[in-house]
> 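Dropping a structure here in structure tokens format, bear with me for questions.
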2 protein chains.
Amino acid sequence: MDMMNDGHGAHSTAPQPEVRGTRVRGTRQAGALTAVLADLPAFSSAQDIHAELRRRGERIGLTTVYRHLQVLAEDGSVDTIRDAGGETLYRRCETVSHHHHVTCRSCGRSVEVEGRAVERWADKVAAEAGYVDIDHTLEIFGLCPDCARSRT
Amino acid sequence: MDMMNDGHGAHSTAPQPEVRGTRVRGTRQAGALTAVLADLPAFSSAQDIHAELRRRGERIGLTTVYRHLQVLAEDGSVDTIRDAGGETLYRRCETVSHHHHVTCRSCGRSVEVEGRAVERWADKVAAEAGYVDIDHTLEIFGLCPDCARSRT
DNA sequence: AACCGCAATGAAAACCGGTTCCATCGTCAT
DNA sequence: ATGACGATGGAACCGGTTTTCATTGCGGTT
């Protein structure tokens with residue numbers, strides 16, 4: 001049931017891990033994906049990212065895109081959110097600490113916001129109810145200035 | 001997503017609405033589903049709800065369960081959340097006003113909590129970023145007392 | 001009670017995002 | 001250059017949800 005993007009469960013693996021002898025290989029595809037992620041300012045679906053890679057002339061399979069995004073998400077290199085349709089969206093992570101997003105439901109652009117107060121609140125109410133091992137998800141959606149304007 | 005309320009809230013919008021002539025029909029299936037929802041205290045998937053209906057000897061199709069849950073969710077008669085696997089879970093709504101849930105990730109049982117403070121916070125930070133038409137999703141997961149105990 | 005129209009139903013098929021298989025490819029240490 | 005093994009990717013698969021469409025049955029009418 002649950003075991004996907006958990007709350008940063010395991011301690012990290014460095015960007016370029018090196019597990020005794022065998023190390024992560026630098027492939028053309030991995031580099032291209034990283035490059036595209038660096039360019040995309042908005043949360044995008046794996047399929048959109050794959051399409052963008054193809055648009056740029058990269059030869060890369062959808063499977064590979066999914067695989068890399070999964071790993072990057074575990075690393076904390078990319079943030080993930082679920083849109084209203086349940087689809088997972090990805091974007092390069094800007095800040096390391098825990099944060100939330102205000103995302104444009106039209107274009108996907110988002111800004112990161114601190115959420116310490118909310119976290120404390122969540123932990124508090126959950127604890128009051130007797131729950132333990134608490135985790136939470138919080139996403140804020142709206143229309144960014146640009147999209148709001150062009151929608152008048 | 002979009003409201004599909006007929007623009008005639010004229011008379012009775014009761015459990016058994018009858019808007020002008022022929023509209024919502026009182027079917028065996030609809031009743032059974034409502035009954036099961038009334039009994040289930042935890043967030044359950046459409047498939048689980050369907051299984052429970054069958055267990056009770058009801059003849060009802062999975063499609064119908066999905067359709068009803070969809071409508072009830074729009075009505076606000078049932079609350080919905082997404083579990084970690086992206087599956088939608090349903091539960092009868094207890095309080096009318098806006099609220100959030102502290103849900104057990106093991107058994108699905110949940111308690112409703114007020115969230116005015118969080119809402120204000122969400123609206124504030126979003127507004128500061130220039131976003132409008134703000135909406136948000138917030139779910140808290142943990143282990144309920146019972147599940148925490150039996151997990152020693 | 002018999003009749004009818006249309007909403008409701010539901011089995012099967014379509015859909016869809018995402019994952020797994022596995023044969024092949026390409027990197028990197030030697 | 002060579003070989004081993006990780007990386008790749010097209011196809012098959014998976015599971016939840018929606019759509020299709022022929023059939024059913026609720027309810028008002030005759």
Side-chain angles (χ1 to χ4, degrees), chain A residues 1-6 13 16-34 36 43-54 57-75 78 80-90 108, chain B residues 1-2 4 6 12 15-34 36 43-51 53-54 57-75 78 80-90 108:
Chain A
M1 285 255 190
D2 51 11
M3 54 165 62
M4 296 203 71
N5 48 342
D6 52 278
T13 342
Q16 301 303 321
E18 174 203 318
V19 187
R20 215 184 334 104
T22 52
R23 62 173 63 174
V24 176
R25 292 183 178 172
T27 63
R28 184 190 73 253
Q29 293 88 335
L33 177 54
T34 310
V36 166
F43 273 98
S44 318
S45 69
Q47 316 232 19
D48 284 348
I49 292 172
H50 178 241
E52 174 60 23
L53 280 162
R54 282 290 173 83
E58 291 295 336
R59 289 187 301 96
I60 183 172
L62 183 56
T63 308
T64 302
V65 172
Y66 272 114
R67 257 187 309 237
H68 278 316
L69 288 174
Q70 214 165 271
V71 173
L72 292 172
E74 279 168 12
D75 279 3
V78 301
T80 66
I81 61 176
R82 298 259 192 168
D83 69 9
E87 202 170 358
T88 304
L89 307 182
Y90 308 80
Chain B
M1 309 238 172
D2 48 312
M4 51 202 320
D6 53 89
S12 73
Q16 304 302 320
E18 12 83 15
V19 188
R20 238 193 302 105
T22 52
R23 275 302 137 80
V24 179
R25 288 181 178 176
T27 64
R28 183 190 74 253
Q29 292 89 335
L33 176 54
T34 310
V36 166
F43 272 97
S44 318
S45 69
Q47 314 232 21
D48 284 348
I49 292 171
H50 178 240
L53 280 161
R54 281 288 172 82
E58 291 294 338
R59 290 187 300 97
I60 183 171
L62 182 56
T63 308
T64 302
V65 172
Y66 272 112
R67 257 186 310 237
H68 274 59
L69 287 174
Q70 213 165 273
V71 173
L72 292 172
E74 279 169 13
D75 278 4
V78 300
T80 67
I81 61 176
R82 298 257 192 176
D83 69 10
E87 204 169 1
T88 304
L89 307 181
Y90 308 80

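Note on naming: letters A, B, ... go to the chains in the order of the sequence lines (proteins, then strands), and numbering restarts at 1 for each one.
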> Over all strands shown, is A/Ile60 touching base, sugar-phosphate only, or nothing at heavy-atom distances under 4.0 angstrom?
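The residue A/Ile60 makes sugar-phosphate contact but no base contact.
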> For the pair made of CD in B/Glu58 and C1' in C/dA8, what is the distance, rounded to whole Å?
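It works out to 15 Å between those atoms.
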> Would you give the length of the straight line joining atom CG of A/Asp75 to atom NE2 of A/His68, rounded to the nearest 0.5 angstrom?
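Going from the CG atom of A/Asp75 to the NE2 atom of A/His68 covers 11.5 Å.
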> Roughly, in whole Å, what's the span from CG in A/Asp48 to P in C/dC16?
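So the CG-P distance, A/Asp48 to C/dC16, works out to 14 Å.
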> Looking only at non-hydrogen atoms, find the nearest pair between B/Gln29 and B/Arg59 and report the distance.
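Scanning both residues completely, I find the closest heavy atoms to be CG-O, 3.8 Å.
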> Rounded off to whole Å, could you give me the CD-to-C1' distance for the B/Glu87 and D/dG15 pair?
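Rounded to the whole Å, the gap is 9 Å.
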> Would you say A/Gln29 places a side-chain N or O within less than 4.0 Å of OP1 or OP2 belonging to D/dA7?
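Checking A/Gln29 against D/dA7: no side-chain N or O falls below 4.0 Å of OP1 or OP2.
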> Using the side-chain heavy atoms of A/Arg28, tell me which of these nucleotides is nearest: D/dT17, D/dG9, C/dG17.
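The answer is D/dG9.
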> CG of B/Leu62 versus C1' of D/dT19: gap in Å, rounded?
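Taking atom C1' of D/dT19 as the reference, CG of B/Leu62 is at 13 Å.
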> What are the two closest non-hydrogen atoms of A/Ser45 and A/Glu87, and how far apart are they?
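Closest approach of A/Ser45 to A/Glu87, heavy atoms only: CB-OE2, 3.5 Å.
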> At less than 4.0 Å, is any side-chain N or O atom of A/Tyr66 found next to OP1 or OP2 of C/dG18? Yes or no.
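Yes, within the criterion.
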> Any side-chain N or O of A/His50 less than 4.0 Å from the OP1 or OP2 oxygen of D/dG9?
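For D/dG9, OP1/OP2 do not have a side-chain N/O of A/His50 under 4.0 Å.
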> Judged by each residue's nearest nucleotide on DNA chain D, which is more toward the 5′ side, B/Tyr90 or B/Arg59?
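Between the two, 5'-proximity favours B/Tyr90.
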> So does B/Arg67 reach the base of C/dG10 with its side chain, donor to acceptor, closer than 3.5 Å?
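Side chain to base: pair found, below 3.5 Å.
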> Between atom NE2 in A/His68 and atom P in C/dT19, what is the gap in whole Å?
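Between P of C/dT19 and NE2 of A/His68: 14 Å.
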> If I take atom CZ in residue A/Arg54 and atom P in nucleotide D/dT8, what distance separates them, rounded to the nearest angstrom?
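So the CZ-P distance, A/Arg54 to D/dT8, works out to 14 Å.
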> Without decimals, in angstroms, what is the distance between A/Leu33 CG and D/dG9 P?
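Between P of D/dG9 and CG of A/Leu33: 11 Å.
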> Nearest 0.5 Å please: distance from the CD atom of B/Glu58 over to the CZ atom of B/Arg28.
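Reported to 0.5 Å precision, the distance equals 6.5 Å.
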> A/Leu69 CG to D/dA7 P: how many Å, rounded?
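The distance from CG of A/Leu69 to P of D/dA7 comes to 16 Å, rounded to the nearest Å.
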> Can you see if the side chain of B/Thr63 gets near the phosphate of C/dA11 - specifically, an N or O under 4.0 Å from OP1 or OP2?
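So the side-chain polar atoms of B/Thr63 never come under 4.0 Å of the phosphate oxygens OP1 or OP2 of C/dA11.
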> Would you classify A/Thr88 as touching base, sugar-phosphate or nothing, given that sugar-phosphate means primed atoms plus P, OP1 and OP2, and contacts are heavy atoms under 4.0 Å?
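If one applies the 4.0 Å heavy-atom cut-off, A/Thr88 turns out to touch the sugar-phosphate alone, with no base involved.
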> Is the phosphate of C/dA8 approached by B/Thr27 (side-chain N or O, under 4.0 Å from OP1 or OP2)?
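No.
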> Give me the atom names and distance for the closest heavy-atom approach of B/Ser44 to B/Asp48.
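Looks like CB-CB, 4.3 Å.
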> Check whether any side-chain N or O of B/Gln47 sits under 4.0 Å from OP1 or OP2 of D/dG15, and answer yes or no.
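No, B/Gln47 has no side-chain N/O under 4.0 Å of OP1/OP2 on D/dG15.
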